[in-house]
J.: 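Quick one: this structure, given as structure tokens, is what I'll be asking you about.
Atom set for the values below is all heavy atoms of this structure, side chains included, hydrogens, waters and symmetry mates excluded.
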Amino acid sequence: MANSGLQLLGFSMALLGWVALVASTAIPQWQMSSYAGDNIITAQAMYKGLWMECVTQSTGMMSCKMYDSVLALSGALQATRALMVVSLVLGFLAMFVATMGMKCTRCGGDDKVKKARIAMSGGIVFIVAGTSLVLPFLLAGQGLLW
């Protein structure tokens, strides 16, 4: 069984990863393209994300439009959105369970074997949440190749 310092390090890295997952789910820069007309004044950068499409003009103005209907989106984008949300929920649940199983907390009783099992189950849920992220990024990458 790991000592408290390693548990805190692992938990802080998992928390940092979950925050990065929140950020990557929210940002619209999943697919980027640009258009430059005859001159630099008409240049545009177009971004597509899981939740919206954005256009940035060369003047710095940015306008975003939320997707009108979930059903109008491609199947890959719908699956990506669903898996990202599932991973967010599982990651939050894993943080809750892992916190209860850590040595430095008093949740879950004083039985060391019980706390070790709770911490192990929190780690397993973290692994499941992480593996559910592989498919969305593969789908997004495959969509760019097609």
Side-chain angles (χ1 to χ4, degrees), residues 1-105 107-108 114-146:
M1 197 157 90
N3 62 15
S4 298
L6 285 177
Q7 282 184 344
L8 285 173
L9 177 66
F11 182 77
S12 62
M13 292 189 64
L15 180 65
L16 184 66
W18 188 80
V19 169
L21 174 63
V22 170
S24 67
T25 303
I27 63 171
Q29 282 91 357
W30 277 65
Q31 183 180 5
M32 293 190 259
S33 59
S34 62
Y35 170 74
D38 294 336
N39 55 19
I40 194 70
I41 297 173
T42 60
Q44 293 179 342
M46 288 145 306
Y47 305 107
K48 289 185 180 181
L50 298 178
W51 311 102
M52 67 183 89
E53 292 182 359
C54 296
V55 175
T56 303
Q57 307 291 333
S58 61
T59 59
M61 290 291 295
M62 183 176 195
S63 63
C64 294
K65 179 182 178 281
M66 300 291 282
Y67 293 128
D68 293 331
S69 172
V70 176
L71 299 176
L73 300 174
S74 67
L77 188 60
Q78 288 180 17
T80 302
R81 285 171 71 162
L83 285 170
M84 293 294 281
V85 170
V86 164
S87 183
L88 280 171
V89 170
L90 283 176
F92 184 75
L93 177 69
M95 282 190 287
F96 180 71
V97 173
T99 302
M100 286 185 4
M102 290 171 58
K103 285 182 178 181
C104 60
T105 61
C107 299
K114 184 178 178 183
K115 285 187 80 76
R117 287 185 180 154
I118 292 171
M120 180 65 74
S121 63
I124 290 171
V125 176
F126 268 126
I127 291 171
V128 170
T131 55
S132 70
L133 285 178
V134 173
L135 189 59
F137 288 108
L138 286 176
L139 286 172
Q142 191 65 28
L144 290 176
L145 292 178
W146 288 339

J.: As an exercise, state the distance from CZ of F126 to CG of L93, rounded to the nearest 0.5 Å.
T.: 9.5 Å
J.: Checking A45 now: which residues fulfil side chain to side chain contact (heavy atoms under 4.5 Å, CB included) with it, not counting sequence neighbours?
T.: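 Scan of A45 (side chain to side chain contact (heavy atoms under 4.5 Å, CB included), adjacent residues dropped) gives Y47, T56.
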J.: Considering only heavy atoms from C-beta outward, does the side chain of L21 approach that of T25 to under 4.5 Å?
T.: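 Yes; the side chains approach each other to less than 4.5 Å.
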J.: Could you report the tightest heavy-atom contact between V22 and L88, atom names first, then the distance?
T.: CG2-CD2, 3.4 Å
J.: Specify the closest pair of heavy atoms between S24 and M84, including all atoms of both residues, with the distance to one decimal.
T.: OG-CE, 3.8 Å
J.: If I take atom CG from residue L83 and atom OG1 from residue T131, how far apart are they, to the nearest 0.5 angstrom?
T.: 10.0 Å
J.: Which disulfide bond (SG atoms under 2.5 Å apart) pairs, counting each pair once, include a residue from residues 45-84, with sequence neighbours left out?
T.: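 Residue pairs with at least one partner in residues 45-84: C54-C64.
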J.: If you round to the nearest 0.5 Å, how far is CG of L77 from CG of L50?
T.: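 If I round to the nearest 0.5 Å, the distance is 6.0 Å.
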J.: Ignoring hydrogens, what is the shortest heavy-atom contact between S87 and A129? Give both atom names and the distance.
T.: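 Minimum heavy-atom separation between S87 and A129: OG-O, 2.8 Å.
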J.: Kindly indicate whether the side chain of M102, heavy atoms from C-beta on, has any atom under 4.5 Å from the side chain of L8.
T.: yes
J.: Do any pairs count as a side-chain hydrogen bond (donor to acceptor under 3.5 Å, both in side chains) and have a residue in residues 65-77, sequence neighbours left out, and if so which ones?
T.: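 Matches after skipping sequence neighbours: K65-D68.
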J.: For the NZ atom of K115 and the CE atom of M100, what is their distance to the nearest 0.5 Å?
T.: 8.0 Å
J.: With sequence neighbours left out, write down each residue that passes side chain to side chain contact (heavy atoms under 4.5 Å, CB included) with V55, or none if nothing qualifies.
T.: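 In terms of side chain to side chain contact (heavy atoms under 4.5 Å, CB included), with neighbours along the sequence ignored, V55 is linked to Q44, M46, Q57, S63.
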J.: Between atom CG of L15 and atom CZ of F92, what is the distance when rounded to the nearest 0.5 Å?
T.: 10.5 Å
J.: Return the set of residues passing side chain to side chain contact (heavy atoms under 4.5 Å, CB included) with M13 (not counting sequence neighbours), or none when no residue passes.
T.: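 Partners of M13 by the side chain to side chain contact (heavy atoms under 4.5 Å, CB included) criterion, ordered by chain and then number, come out as L9.
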J.: May I have all residue pairs that pass salt bridge (Lys or Arg N to Asp or Glu O under 4.0 Å) and include part of residues 76-94, sequence neighbours excluded?
T.: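 Found none.
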J.: Nearest 0.5 Å please: distance from the NZ atom of K48 over to the CH2 atom of W30.
T.: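 Rounded to the nearest 0.5 Å, the NZ-CH2 separation comes to 14.5 Å.
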J.: If we ignore hydrogens and angles and just use 3.5 Å, is the side chain of T105 paired with the main-chain N or O of T99 as donor and acceptor?
T.: yes
